[in-house]
Peer 1: 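Mind looking over this structure? Questions follow.
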2 protein chains.
Amino acid sequence: MTAKNESKNSDNAKPTVKEIPDKIVRRLPHYYVQLKNMLNKDVEYVSSEQLASIMGYSSSLIRRDLSHFGQFGKKSYGYDIHCLYSNLHRILGFNHEKSMVIIGAGFLGRALANNKSYEERGYLLRGIFDKDPAIIGLEFNNLRVMDVERAPEFIAENNIDVAALAVPALEAQKTADMLVKAGIKGIWDFTETPVEVPEDIILIEQNMNDGLCKISCKLVQKSK
Amino acid sequence: MTAKNESKNSDNAKPTVKEIPDKIVRRLPHYYVQLKNMLNKDVEYVSSEQLASIMGYSSSLIRRDLSHFGQFGKKSYGYDIHCLYSNLHRILGFNHEKSMVIIGAGFLGRALANNKSYEERGYLLRGIFDKDPAIIGLEFNNLRVMDVERAPEFIAENNIDVAALAVPALEAQKTADMLVKAGIKGIWDFTETPVEVPEDIILIEQNMNDGLCKISCKLVQKSK
DNA sequence: TTTCAATTGTACATTATTTAACAAAAATAA
DNA sequence: TTATTTTTGTTAAATAATGTACAATTGAAA
Ligand SMILES: NC(=O)c1ccc[n+]([C@@H]2O[C@H](COP(=O)([O-])OP(=O)(O)OC[C@H]3O[C@@H](n4cnc5c(N)ncnc54)[C@H](O)[C@@H]3O)[C@@H](O)[C@H]2O)c1
Ligand SMILES: NC(=O)c1ccc[n+]([C@@H]2O[C@H](COP(=O)([O-])OP(=O)(O)OC[C@H]3O[C@@H](n4cnc5c(N)ncnc54)[C@H](O)[C@@H]3O)[C@@H](O)[C@H]2O)c1
C-alpha cells in the first residue's frame with residue numbers, strides 16, 4: 001500500500017532524529033501565523049496560556065507541542081516571540097529553499113500561480129506546465145506555460161523539489177508517475193482522485209471536496 | 001472560544017441522533033469515491049478486506065466506520081456496492097439540495113466557480129460576489145458577478161446555506177461577520193487567516209498553506 | 001534576603017481512536 | 001444434512017492524543 005503514506009515512518013529514518021507526529025506538524029503553521037502576527041506588537045514574550053486563549057488550543061497542548069523541539073520557554077515569562085517564531089521558521093523548513101512547479105494551467109493552476117505566500121515559506125515557483133497547445137505559451141505571474149512534455153527534463157535538470165498537481169482527475173495517476181520518475185520529492189495533489197506514489201515520496205492530498213462533504217454532512221446532521 | 005469549533009458538539013444536539021465523530025466524517029467521502037468507482041464494474045459486493053487493500057485503511061476500521069450507521073453488510077459476502085454507495089450518499093447529505101455562493105471573484109473564486117463537482121454533492125452555485133467594480137458584471141460559469149454590497153440581502157432572501165470565502169485575508173473576518181449576520185449556515189473558508197464565527201456556524205478552514213508547510217517540514221526532516 | 005507569583009516542562013490520568021480477535025451468520029462444499 | 005469457508009458486527013485490547021496536576025525554576029515584591 002503506497003497511498004495514505006503521509007503518516008508512516010520512512011524506513012530510512014535515522015534514530016537520532018525523532019519524527020514529528022503529524023498532529024503536531026499540522027498545528028505548527030498555526031502557531032507560526034499567530035507568532036508572526038505578534039512580531040510587530042510591542043510585547044516580547046507570550047505565555048502558553050495567552051496563546052491558548054487566542055488560538056483555541058489548550059495551554060498544555062501548546063507547551064507539549066513546543067517542548068517537542070527543546071526548551072524554548074522561559075519560566076515565569078513565557079516564550080520569547082522572536083525566538084519562537086524563528087525556531088518555528090526553521091522547524092517548518094522555511095529557511096530551506098525549495099523549488100516548485102505547477103502541472104496543469106487551468107483555473108486552479110492559474111490561481112496557484114498567483115498565490116503570494118510561497119516566498120515566505122521558502123518556495124520558489126520555477127515553472128508551469130500544460131498539455132493544451134492553446135494554453136502553452138500564455139503567461140501567468142511572469143511565468144510562461146511550458147509544454148508538459150518538457151516537464152520530466154525540466155524537473156530533473158533543475159532538481160525541482162515539489163510539484164503542484166492540478167490536472168484533471170483522469171490524468172492524475174499518469175502525471176504523478178511521470179513526476180516520480182523525473183525525481184520529484186513531494187507532490188501537492190489537488191486532483192480529487194486517489195493517487196499512489198512510492199513510500200519515499202511526500203504526497204499531500206489537498207482534497208478540497210472533503211471540505212464540501214464535511215459541510216454537507218454536518219448540515220444534514222443539524223437539520224435532523 | 002468560537003474558533004476551532006469543527007469538532008465540538010452543538011449544544012442543541014438531540015440525544016437520539018448520535019453525532020458522527022469527525023474522524024469518520026473525514027473518511028466517508030473516501031469510501032464514497034471508491035464505491036462510486038466500483039459502481040460500473042460488474043461486481044455486486046465488496047468486502048471490507050478488499051476495500052482495505054485498495055484504500056490503505058485497515059479492514060477493521062472500515063467495518064467499524066460503516067457499522068456506525070447500521071448494518072449494511074451481508075455476512076460472508078461483504079457490502080452491496082450500490083446499497084452502500086447510496087447510503088453514503090444519504091449520510092453525507094448529498095441528496096439534500098444545498099445552495100452556495102462564492103465571495104471574492106479573484107483567481108481562486110473563479111476556479112471555484114468552474115469546479116464541476118458541486119452538483120453531485122447536492123450543491124447549487126447560486127451567486128458570485130466581489131467588491132471590485134472592474135470585476136462586478138463579469139461572467140464565470142454563466143453566473144454574473146454581483147456587488148458584494150448586495151450579498152446580505154441575496155443570502156437572506158434566497159436562504160443560502162453555504163458561502164465559499166475567497167477574499168483577501170484582511171477582509172476575511174469582516175466578510176465572515178457579514179455572512180453570519182445574513183444567516184449563512186456554513187462557511188468554506190479559503191483565506192489563510194484565523195476566522196471566528198459563532199459556535200452554531202459550520203466553519204471549514206480549507207487552509208491550503210498547511211499542505212505546503214507540511215511538505216516543507218517533511219522535506220527538511222528527510223534531508224537531516 | 002526571603003517570600004510570592006507566574007509559568008514552564010513533564011509525569012500521570014483520561015479520553016479518543018485504531019487494531020486485534022472472535023462469535024454469529026450465511027453461503028458453499030462435501 | 002453437515003462441515004467448511006467467508007465475512008460481518010462487536011467486544012476487548014492496544015495505541016495515540018489530549019488534559020490535569022504539579023514540582024521546579026525564575027523573576028519581582030516585600
Ligand atoms: N477548480 C476548482 O475549484 C478545483 C477545486 C478542487 C480541485 N480541483 C481539481 O484540480 C484539477 C484542475 O482543476 P481545474 O479547475 O484547474 O481544471 P481545468 O480543466 O480548468 O484545468 C486542467 C488543466 O490541465 C491541463 N491538462 C490536462 N491534462 C494534462 C496533462 N497530462 N499534463 C498537463 N496538463 C494537463 C488542461 O489542459 C487544463 O488546462 C482537477 O483535478 C480538479 O478536480 C479543482
Ligand atoms: N490563489 C491561491 O492559490 C490561493 C490559495 C490558497 C488560499 N488563497 C486565499 O484565497 C483568497 C483569495 O485568493 P485569490 O488568489 O483569489 O486572490 P485575488 O486577489 O485574486 O482575489 C481576491 C478577490 O476578492 C475581492 N475582494 C476583496 N475584498 C472583498 C470583499 N470585502 N468582498 C468581496 N470581494 C472582495 C477582490 O476584488 C478580488 O477580486 C485569499 O485569502 C488567499 O490567501 C488563495
Peer 1: For the pair made of CG in A/L51 and P in C/dG9, what is the distance, rounded to whole Å?
Peer 2: 12 Å

Peer 1: For A/H68 and C/dT8, give me the distance from atom NE2 to atom P, rounded to whole Å.
Peer 2: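 Distance, rounded to whole Å: 19 Å.
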
Peer 1: Any N/O pairs under 3.5 Å between the protein and nucleotides 28-30 of chain D? List them or say none.
Peer 2:
unit_1	atom_1	unit_2	atom_2	d
D/dA28	OP1	A/Y77	OH	3.1

Peer 1: OP1 or OP2 of C/dG9 sitting under 4.0 Å from any side-chain N/O of A/Y79?
Peer 2: yes

Peer 1: Between atom NZ in A/K75 and atom C1' in D/dT25, what is the gap in whole Å?
Peer 2: 5 Å

Peer 1: Can you tell me the distance, in whole Å, between the CD atom of B/E49 and the P atom of C/dA20?
Peer 2: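 The answer, rounded to whole Å, is 11 Å.
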
Peer 1: Taking any heavy-atom pair under 4.0 Å as a contact, classify B/S60: base, sugar-phosphate, or nothing.
Peer 2: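 It contacts base atoms.
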
Peer 1: Does the base of D/dT26 carry an N or O that pairs as donor and acceptor with the side chain of A/S76 under 3.5 Å?
Peer 2: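 Yes, a donor-acceptor pair under 3.5 Å.
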
Peer 1: Flag the pair B/C83 / B/N87 as yes when at least one side-chain heavy-atom distance between them is below 4.5 Å, and no otherwise.
Peer 2: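 Sidechains of B/N87 and B/C83: in contact.
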
Peer 1: I want to check something: taking the side chain as every heavy atom from C-beta on, are B/Y85 and B/K36 in contact at a cut-off of under 4.5 Å?
Peer 2: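 Heavy-atom side-chain distance check passes, below 4.5 Å.
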
Peer 1: Can you check whether any acceptor in the base of C/dT19 is under 3.5 Å from a donor in the side chain of B/R64, or vice versa?
Peer 2: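 Indeed, a donor on one side and an acceptor on the other fall under 3.5 Å apart.
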
Peer 1: Using whole Å, what does the distance between atom P of nucleotide D/dT7 and atom CG of B/L66 come to?
Peer 2: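 It works out to 15 Å between those atoms.
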
Peer 1: Can you tell which of B/L51, B/V46, B/I62 makes a side-chain contact (heavy atoms from CB on, under 4.5 Å) with B/Q34?
Peer 2: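 Checked B/L51, B/V46, B/I62 against B/Q34; only one passes side-chain contact (heavy atoms from CB on, under 4.5 Å): B/L51.
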
Peer 1: Name the nucleic acid region contacted by B/S59, choosing base, sugar-phosphate or nothing; use a 4.0 angstrom heavy-atom cut-off, strictly under.
Peer 2: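 No contact.
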
Peer 1: To the nearest angstrom, how far is B/I62 atom CD1 from D/dT8 atom C1'?
Peer 2: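 After rounding, the gap between these two atoms is 13 Å.
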
Peer 1: Taking C-beta and beyond as the side chain, do B/R126 and B/V162 meet within less than 4.5 Å on heavy atoms?
Peer 2: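 Sidechains of B/V162 and B/R126: no contact.
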
Peer 1: Please determine whether a side-chain nitrogen or oxygen atom of A/Q71 lies at a distance below 4.0 Å from atom OP1 or OP2 of C/dT10.
Peer 2: yes

Peer 1: Which whole-number value in Å describes the distance from A/L61 CG to C/dT15 C1'?
Peer 2: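 So the CG-C1' distance, A/L61 to C/dT15, works out to 14 Å.
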
Peer 1: Just wondering, do A/N115 and A/Y123 contact through their side chains at under 4.5 Å, heavy atoms?
Peer 2: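 Counting from C-beta outward, A/Y123 and A/N115 never come under 4.5 Å.
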
Peer 1: So if I take every side-chain heavy atom of A/S67 and compare against C/dT7, C/dT10, D/dG9, which nucleotide ends up nearest?
Peer 2: C/dT10

Peer 1: By the salt bridge (charged side-chain N to carboxylate O under 4.0 Å, His left out) test, which pairs, at least two apart or in different chains, include something from residues 39-67 of chain B?
Peer 2: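 Salt bridge (charged side-chain N to carboxylate O under 4.0 Å, His left out) check on residues 39-67 of chain B returns B/R27-B/D65.
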
Peer 1: If only side-chain N and O atoms of A/S48 are considered, is one of them under 4.0 Å from the OP1 or OP2 phosphate oxygen of C/dT8?
Peer 2: yes

Peer 1: Closest-nucleotide mapping onto DNA chain D: is A/K23 or B/G70 further toward the 5' terminus? I mean the 5' end.
Peer 2: B/G70

Peer 1: Provide the full list of salt bridge (charged side-chain N to carboxylate O under 4.0 Å, His left out) pairs with a residue in residues 178-187 of chain B, sequence neighbours left out, each pair given once.
Peer 2: B/D161-B/K185

Peer 1: Taking atom P of C/dA16 as reference, at what distance in whole Å does atom CG of B/D65 sit?
Peer 2: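 Nearest whole value for this atom pair: 17 Å.
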
Peer 1: Would one find a side-chain N or O of B/R27 under 4.0 angstrom from OP1 or OP2 of C/dT18?
Peer 2: yes

Peer 1: Do you know which of B/H30, B/Q206, B/R26 makes side-chain hydrogen bond (donor to acceptor under 3.5 Å, both in side chains) with A/D210?
Peer 2: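 Checked B/H30, B/Q206, B/R26 against A/D210; only one passes side-chain hydrogen bond (donor to acceptor under 3.5 Å, both in side chains): B/H30.
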
Peer 1: Can you tell me if B/S58 touches the phosphate of C/dT19, counting only side-chain N or O atoms and a distance under 4.0 Å to OP1 or OP2?
Peer 2: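 Answer is yes, contact under 4.0 Å.
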
